[in-house]
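In what follows, chains carry the letters A, B, and so on, assigned in the order in which the sequence lines appear, proteins first and then strands, with residues in each chain numbered from 1.
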Amino acid sequence: MKILAFDTSASACSVAVRDCGVLRVSLGRDLARGHAQVLAPMIEAALGEAGFGAADLDLIAVTVGPGSFTGLRIGLATARGLALACGAPIFGASTLAVIARQAVIARQALAHSVGEGCEILCVIDSKRADVYVQRFDADANPLDDAQAVTPSKLAASLVSSSGAAGKYLLVGDAVNQVAEALTAVGLECMLVPAGNVAEAGTLAALAETGFSAGVAGLPAEPLYLRAPDVTLPAGMSP
Amino acid sequence: MTRQLVLGIETSCDETAAAVVSEDREILANVVFSQIDEHQPFGGVVPEIAARAHLSLLDGLIERAMREAEVDWSDLSAVAATGGPGLIGGVIVGVMTAKAVAIATGLPFVAVNHLEGHALTARLTDDVGFPYLLLLVSGGHCQLLEVEGVGRYRRLGTTIDDAVGEAFDKTAKLLGLGYPGGPAVERAALEGDPARFKLPRPMVGRPGCDFSFSGLKTAVRQTVSRIDQPSSVDVADLAASFQHAVAGSLRDRCRRGMQLFADAHGAGRPFVVAGGVAANAVLRADLSALSGEMGMAFVAPPPALCTDNGAMIAWAGLERFRLGLTDALDFAPTPRWPLDPNAQIAIGAGVKA
């Protein structure tokens, strides 16, 4: 099974190719802007290195969000354009789920145990007051839906749902803001050295496992978690 | 020998569009989805709403255009998309989709300047030869250009503040006529008396070919505020007076442009009007008359090819492709992309110039 996976949802751009259950190519670079410039050449390079063309693909995996609105559209427009022209289906995955998976992998790789059995709290910077959050169990299975919430509200809701004795394994590029809010209310936070943005290699593996098991990915639509910032003129109702 | 076909994608404002055209000037398919309903409540185009809609709609529209044209990827010679100028969120969606198609099919990618799409439409519809004088009038632009060839433009004049389509939109808003303003003002003006309100005709008599519409917009606002509870007659008269003032200003500026153009290229060349505002029947008739008076052949594409569409992008893409002007896959979508890079930036007009 040949899978092309890519992510442009945050301050990085990564592309991976998996073939017959093995990660063949993994390209990545950190960048705050310019995803629209680098993604297509990276995909071409990855396919070239893997030694096959887009027409040979069985699956296109892409992160659908939450994340940078522009970044999500860059990734999804590319995935949808590829799917349109080569016929391969798209497997959409949540950025939060990919990052939570990265936390599990990172924890398993550690010699000593960190956050064993502990709930994973995946948090992504929205560049605004709130953060994108989702809770996962210790094996990265989602426990609730992704949401946009301020770190202090998140802390309060965690205290009310699981009590002040809760322990969380934090991962994502908003760990600093969230750790501060959680410790302020007495919750315990642990960190693992996992990639803080969704990586195409993890995404490709996730898509392969899901697709092979007959699990449908998320639809190829952005998960914005926020309506466009616009107000109706006075006197108008939506 | 099979004829060359190009797929064109347009997503730079509030129209999502895809089309297939041939080198022998046939439009095999031209699918346009106008997002008017999405933006209407806000009285103008909301960039984030537009970007979201482009992504949801575009692949389906391309599929439809390909089906209507009865072509397959292997029948195409290139894939073209608007690379700018325009609302960057939408431009990115079109460019990335086109790049992805290029990767999947091996077709060359052509990044088209949206303004060049408008500028070359007359060659698709009327087979106009270079050089010609172009008045480009839309919601985002108002320019007079000498068109010497593909990618070769000399700007004679530009708006120094608002675009003419913007003035229509704002006038429509002031008159409570809704969005989009161009067709609304034109419709209201049908019943109105253009001589009732004395509005300024901006720039008339001034040297050069530049345009200005912000003063006219202010005059409309002041006139509206002086009328207590404008009746439908007042609205119609003001719409007609506004349109009349715009026509007067355009006539004066174009007359000067025509003289400059004739000095450089001789008499009898075509005068082409393009862009969304060129769909206005009153302005078309007026400019056609001026054109005749000045001994130029008047060319205006049919209204559906004046407003944003994919056929103009496919055609401009085809013209560029024929000249070997394809683009690399690292092309950066750009919000500002002047047709004449040597022209001075008009400070008040920002990206519009």
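In this structure, A/Arg226 places its CZ atom where more than 12 heavy-atom neighbours from other residues, nucleotides or ligands lie under 6.0 Å away. Around CZ of B/Arg64, the count of heavy atoms belonging to other residues, nucleotides or ligands within 6.0 Å does not exceed 12. Other residues, nucleotides and ligands place no more than 12 heavy atoms under 6.0 Å from the NZ atom of A/Lys153.
Of the listed residues (A/Ala227, A/Ala85, A/Cys86), the one with the most heavy-atom contacts under 4.5 Å to chain B is A/Ala85. Most heavy-atom pairs under 4.5 Å with chain B, from the set A/Ala54, A/Ala77, A/Gly87, A/Gly34: that is A/Ala77.
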inquiry  = Assess the residue pair B/Glu48 and A/Phe69 against the criterion (side chain to side chain contact (heavy atoms under 4.5 Å, CB included)); give the C-alpha distance rounded to whole Å, side-chain angles, the decisive distance to 0.1 Å, and a yes or no.
reply    = CA-CA 9 Å; B/Glu48 178 62 21; A/Phe69 295 173; 3.2 Å; yes
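Checking side-chain atoms of B/Arg52 against main-chain N and O of A/Tyr224 turns up no donor-acceptor pair under 3.5 Å. With B/Lys99 contributing its side chain and A/Gly81 its backbone, the two residues share no donor-acceptor pair below 3.5 Å.
Contact between A/Arg73 and B/Gly89 at its shortest, heavy atoms only, is NE-O, 4.4 Å. When all heavy atoms of B/Ile49 and A/Pro228 are compared, the pair lying nearest together is CG1-CG, 3.7 Å. Closest approach of A/Ala40 and B/Leu329 over heavy atoms only: CB-O, 3.8 Å. Taking each heavy atom of B/Ser56 and A/Arg80 in turn, the nearest pair found is O-NH2, 3.1 Å.
To the nearest 0.5 Å, atoms CD (A/Glu44) and CG (B/Asp330) are separated by 10.5 Å. Rounding to the nearest 0.5 Å gives a distance of 4.5 Å between CD1 of B/Ile92 and CD1 of A/Ile74. The CG atom of A/Leu47 sits 7.0 Å away from atom CD1 of B/Ile103, with the distance rounded to the nearest 0.5 Å.
Both the backbone and the side chain of A/Leu76 come within contact range of chain B, with heavy atoms under 4.5 Å apart. If you measure heavy-atom distances from B/Val101 to chain A, the contacts under 4.5 Å come from both the backbone and the side chain. Contacts of A/Leu57 with chain B are absent, with no heavy-atom separation under 4.5 Å from either backbone or side chain.
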